[in-house]
Amino acid sequence: MRVKGPTVRKYLKKYIAAPEHRIRLKDFNSDDVLHDSMIVKNGEDIKDTLENLLAKDRTALARAQELLAASRKHSILIVLQGMDTAGKDGTIQHVMSGLNPQGCEVHSFKVPTSEDHAHDFLWRYEKVLPERGMIGIFNRSYYEDVLVVHVHPDRIEDLPESIGPNTKGFWEGRYRDINAFEKHLVRNGTVILKIFLHISRDEQKRRLLARLENEEKYWKFSYSDIAERQYWGEYIAAYEEMLSATSTEYAPWFIVPADHKWMARTVVAELITSAIEGLRLSYPKFSPDQIQHFTAAKETLEKE
Ligand code: AMP
Ligand code: MG
């Protein structure tokens, strides 16, 4: 059986990290702005145009989600990755505002607990996968287990020497495990949308400074973000290796330009909407017998 990837609008295809290719992030503009039909004159126009599109997307997304819930055949798993300050939280907040909260679950993954580390690396993610009819959003994911710990091998769980990160092919093994895991999910009706929010190093600096210049943003600041910034090059290398190894036909990565927040949010909303619409779902069908029962029920109610 061929396992198909998500269907997305034509103009979004340029953000796909081509499967079986060596991915270089510098080939993808982090400050790209949409899209052929948009007439953009200056920064403010971009924001207005995208806000309008986002408002339209919210309506489309709400309808798509209702169909997903009504038909209960598929689930949607959205995997969000990105450097610190890439806009994962803000994107989730905006996309969620168009969704019915009862049909959507967000899971944010932090430093693993000792219980997490006592299991295989996929365990904590597997436990909270979305059921049929639901949208699950992973704010960070099992990809951290080939990213942050690839850059900092001392943060990986305690593994026997013979199978640990110093063994040959360790990371390739993890990529293969992830690919197999995702293929299994897709084959069972999950649509996986993997989104990398792509920001430039300069934009990260601006955003970190903004957090330090505004008291109301202090709470978002973390010293570890400054420390991790020193490893920018190592993170890019880890991301490129991971994207090259795990962008597949059935679960491709989308490298979404995220230097402009509104741009990223709109593209993400459009990706989700088109992926659900692409499933060509329909409301459940009822037999003539069942419809007769509904008619009888309606008459009973009307007679009250
Ligand atoms: P934040 O997303 O800013 O709340 O930070 C979450 C932190 O958890 C980041 O510093 C991540 O690097 C860290 N983290 C998330 N997943 C893992 C993981 N699997 N292994 C190690 N650190 C992780
Ligand atoms: Mg953070």
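Each ligand, and each atom within it, is numbered from 1 in the order the structure gives. Predicted, not measured: the structure shown is a model, and the values here were computed from it.
- Using a 4.0 Å cut-off to heavy atoms of R124, the atoms of ligand 1 that qualify are 16 (N), 17 (C), 18 (C), 19 (N).
- Distances between N or O atoms of D145 and those of ligand 1 include at least one value under 3.5 Å.
- Heavy atoms of K110 found under 4.0 angstrom from ligand 1 belong to the backbone as well as the side chain.
- Here the heavy atom of the protein found nearest to atom 2 (O) of ligand 1 is R140 NE, 2.6 Å.
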Exercise for review: Let me see the working for F196 and Y239 under ring-ring contact (aromatic ring centres under 6.0 Å, His included), right down to the final yes or no.
Suggested key: CA-CA 9 Å; F196 171 63; Y239 262 107; 4.6 Å; yes
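- Nearest residue to atom 18 (C) of ligand 1 from P112, S141, S222, S224 is P112 (criterion: closest heavy atom).
- For V148, no nitrogen or oxygen atom sits less than 3.5 Å from a nitrogen or oxygen atom of ligand 1, counting backbone and side chain alike.
- Across N139, I195, L197, a single residue satisfies side chain to side chain contact (heavy atoms under 4.5 Å, CB included) together with T91, and that is L197.
- Cation-pi contact between K127 and W123: present, with separation from the ring centre below 6.0 Å and deviation from the ring axis of at most 45°.
- Salt-bridge annotation for E302 and K298: present, with a side-chain N of the basic residue lying under 4.0 Å from a carboxylate O of the acidic one.
- Using a 4.0 Å cut-off to heavy atoms of Y125, the atoms of ligand 1 that qualify are 19 (N).
- The residue from T85, V111, V151, I156 that puts a heavy atom closest to atom 13 (C) of ligand 1 is V111.
- Close N/O approach between K88 and ligand 1 is not found [any backbone or side-chain N/O within under 3.5 Å].
- Judged by a 6.0 Å distance limit and a 45° cone about the ring axis, R211 is not positioned over the six-membered ring of Y218.
- Under the 4.0 Å criterion applied to side-chain N and carboxylate O atoms, E203 and R206 are assigned as salt-bridge partners.
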Practice item. Please test Y231 against H152 for ring-ring contact (aromatic ring centres under 6.0 Å, His included), starting from the C-alpha separation and ending with a verdict. Key: CA-CA 10 Å; Y231 294 92; H152 302 286; 4.6 Å; yes
